[in-house]
Amino acid sequence: MSDLRTLRNYINGEFVDAADGRTLDIVDPTTGEVYATSPLSGAADVDAAMASAAAAFPIWRDATPSTRQKLLLKIADAVEARADEIVDAEVRNTGKPRGLTLSEEIGPMVDQIRFFAGAARLLEGKAAGEYMDGMTSIIRREPVGVCAQVAPWNYPMMMAVWKFAPAIAAGNTVVLKPSDTTPASTVLLAEIIGGVLKELDLPAGVFNVICGDRESGKLMVEHRTPAMASITGSVRAGIQVAESASKDVKRVHLELGGKAPVVVFEDADIAEAVEGISVAGFFNAGQDCTAATRVLVHESIHDAFVEALAKAAAETKTGGVDDEDVLYGPLNNANQLKQVAGFIERLPAHAKVETGGHRVGDKGYFYAPTVVSGLNQDDEIIQQEVFGPVITVQKFTDEDQAVEYANGVEYALASSVWTKDHARAMRMSRRLDFGCVWINTHIPLVAEMPHGGFKKSGYGKDLSSYGFEDYTRVKHVMTAI
């Protein structure tokens, strides 16, 4: 046990253990073996982190936008400079392929931090003016206060950025909790951010990290200090956060599950669609709320599409962090492996597993790329989020039925349409009830555009000026002239 890495909370500029000494085992998903411990934070730890953030808030609230920008730009530079070290922590966290993590996550993270650095100086509001005779009105946009933030295990370091960057840019202070299975990269980010805060002589309490389990997160959300709770996680977790936050009317920001429909019309290029969909469905082992895992195909090309998709899936590789030509690594934890396998084990008789449908190896949590056809709209695997490398395929007869099937789930985060018909693409983009509609592509994100859904996928936006504004409050000031 002495060889285990020890991770610690980061509170008011110091790395500390849980007050009562409790810890959690952290497991490497490629081996299933414990490689580290992290604090299991309790009420005393949450109190300390919230006190730190609350003490820093008045100073950070009154900092100029240029000061906030400078902090974030220096954080971005530091993340970029220590990219290899951060990737090492993240691949141990998640088992993701090292090369893909470096190329697909570090660059966007740095870009997103820099975007919010710019956004810090571009708050907008209604023009000051005389909207009543003898009175001048102005709008102030102010930070909300202390933000309690909970990040998920599928993109631990990137989702940490999506949380802290807009909050800090707007003048809030942060207490961030990573998932109980993936704290390593967030703790490293705390070291990096803490170093920049110290260099700029800014309050250490602007950014705090506490590790722990679901109960630790609940203590954060229910704590009297935060003015806002933000979570990326499951629908169940989001409902619990909303219920907890309602007790003292906290603002809530929820990015929850997804069940993205991928609508492929008869005029789509099958080869191009299969290539794009297979990558967008299996990337990160399908552990993405926007993953292209629910495909709806026009009946006239259904059989050819399924054959091509199954072939592409069979050629897709999963493996260790340094294996060659690997698209994705293991599922994140034993419970997730059990969940994904359970969906396949419970498939109805009319479903057909075209390829995959089994665990890979006997060490770690690897699962084969899987394609399932012959499904009905009310099947469990169509209605519920699998969050694994499993793509389902249904057939539809016309545009109306495609819309009916696409919208016929409780999630509404992302979707895509594959067609050469521009008018049809525009009609579908209007009719699809999802926060994002991609056309002839699936999964790209940019910092300038919002990410967030409707229905049980939650509310509030990440990224973009819309996500930035979520971390502000609006005050009307009226003066007699």
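Throughout, numbering of the chain's residues begins at 1 and tracks the sequence.
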Does atom [atom1] ([X]) have a neighbourhood of more than 12 heavy atoms from anything else shown, all under 6.0 Å?
X    : atom1 : answer
E448 : CD    : yes
E380 : CD    : yes
E410 : CD    : no
K74  : NZ    : no
R214 : CZ    : no
D362 : CG    : no
F15  : CZ    : yes

Looking only at heavy atoms, which two atoms of [X] and [Y] are closest? And how far apart?
X    : Y    : answer
G205 : A56  : C-CB, 3.5 Å
P203 : I59  : CG-CG2, 3.7 Å
D462 : H253 : OD1-CE1, 3.2 Å
K163 : Q149 : O-NE2, 2.8 Å
K259 : I382 : CE-O, 3.1 Å
G388 : T293 : O-CG2, 4.3 Å

Short N-O contact, R114 and D77, less than 4.0 angstrom
yes
Under a 4.0 Å N-O cut-off, is there an ion pair linking E142 with R473?
yes
Using the six-membered ring wherever Trp is involved, compare the ring planes of F468 and F116 and label them parallel, tilted or perpendicular (cut-offs 30° and 60°).
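F468 vs F116 ring planes: tilted.
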Hey, what's the ring geometry for H358 with Y367, parallel, tilted or perpendicular (30° and 60° as the breaks)?
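H358 vs Y367 ring planes: tilted.
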Step-by-step side-chain contact (heavy atoms from CB on, under 4.5 Å) determination, E105 to E90
CA-CA 10 Å; E105 297 195 37; E90 188 72 340; 4.2 Å; yes
Check whether the side chains of T392 and R294 place a donor and an acceptor atom closer than 3.5 Å, and report yes or no.
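Checked: T392/R294 side chains show no N/O donor-acceptor pair below 3.5 Å.
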Would you say the side chains of T30 and Y365 form a donor-acceptor pair under 3.5 Å?
no
Answer yes or no for R92 and Y35: cation-pi contact, defined as NZ/CZ to six-membered ring centre under 6.0 Å and angle to ring axis within 45°.
yes
Can you tell me how far the [atom1] atom of [X] sits from the [atom2] atom of [Y], to the nearest 0.5 Å?
X    : Y    : atom1 : atom2 : value
L188 : R82  : CG    : CZ    : 5.5 Å
Y328 : T318 : OH    : OG1   : 4.5 Å
I113 : L189 : CD1   : CG    : 7.5 Å
M228 : D470 : CE    : CG    : 5.5 Å
T225 : D47  : OG1   : CG    : 7.5 Å
F207 : I192 : CZ    : CD1   : 10.0 Å

Exam field: side chain [X] to backbone [Y], donor-acceptor pair closer than 3.5 Å:
X    : Y    : answer
N332 : T94  : no
D28  : E33  : no
D88  : E85  : no
D17  : P39  : no
K455 : V409 : yes
T173 : A53  : yes
T370 : G356 : no
K461 : E469 : no
S66  : R121 : no
S246 : V249 : no

Any chance you could lay out the side-chain hydrogen bond (donor to acceptor under 3.5 Å, both in side chains) test for S230 and Y471, step after step, and finish with the verdict?
CA-CA 10 Å; S230 173; Y471 285 95; 3.2 Å; yes
Should [X] and [Y] count as side-chain neighbours, where that means a heavy-atom distance under 4.5 Å?
X    : Y    : result
T182 : M157 : no
V263 : S416 : no
M220 : P226 : no
L331 : V340 : yes
V326 : L100 : no
E14  : R8   : no
N154 : F387 : yes
I231 : E255 : no

Should T37 and D25 be marked as a side-chain hydrogen bond (donor to acceptor under 3.5 Å, both in side chains) after you check the CA-CA gap, both sets of side-chain angles, and the distance that decides it?
CA-CA 5 Å; T37 63; D25 289 339; over 6 Å; no
side-chain contact (heavy atoms from CB on, under 4.5 Å), that's the test. Do V146 and N172 meet it? Break it down for me.
CA-CA 6 Å; V146 175; N172 303 285; over 6 Å; no
Residues V206, V174; criterion side-chain contact (heavy atoms from CB on, under 4.5 Å); working and verdict:
CA-CA 6 Å; V206 167; V174 166; over 6 Å; no
Would you say the ring centers of F434 and F454 fall short of 6.0 Å from each other?
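Between F434 and F454, the centre distance exceeds or equals 6.0 Å.
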Answer with yes or no after comparing the ring centroid distance for H451 and W162 against a 6.0 Å cut-off, counting only values under it.
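Ring centroids of H451 and W162 are less than 6.0 Å from each other.
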Residue from T101, D111, I86 passing side chain to side chain contact (heavy atoms under 4.5 Å, CB included) with I106
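When T101, D111, I86 are each tested with I106, the side chain to side chain contact (heavy atoms under 4.5 Å, CB included) holds only for I86.
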Would you sort out whether Y466 and M449 count as a side-chain contact (heavy atoms from CB on, under 4.5 Å), showing the intermediate values?
CA-CA 8 Å; Y466 299 100; M449 289 294 150; over 6 Å; no
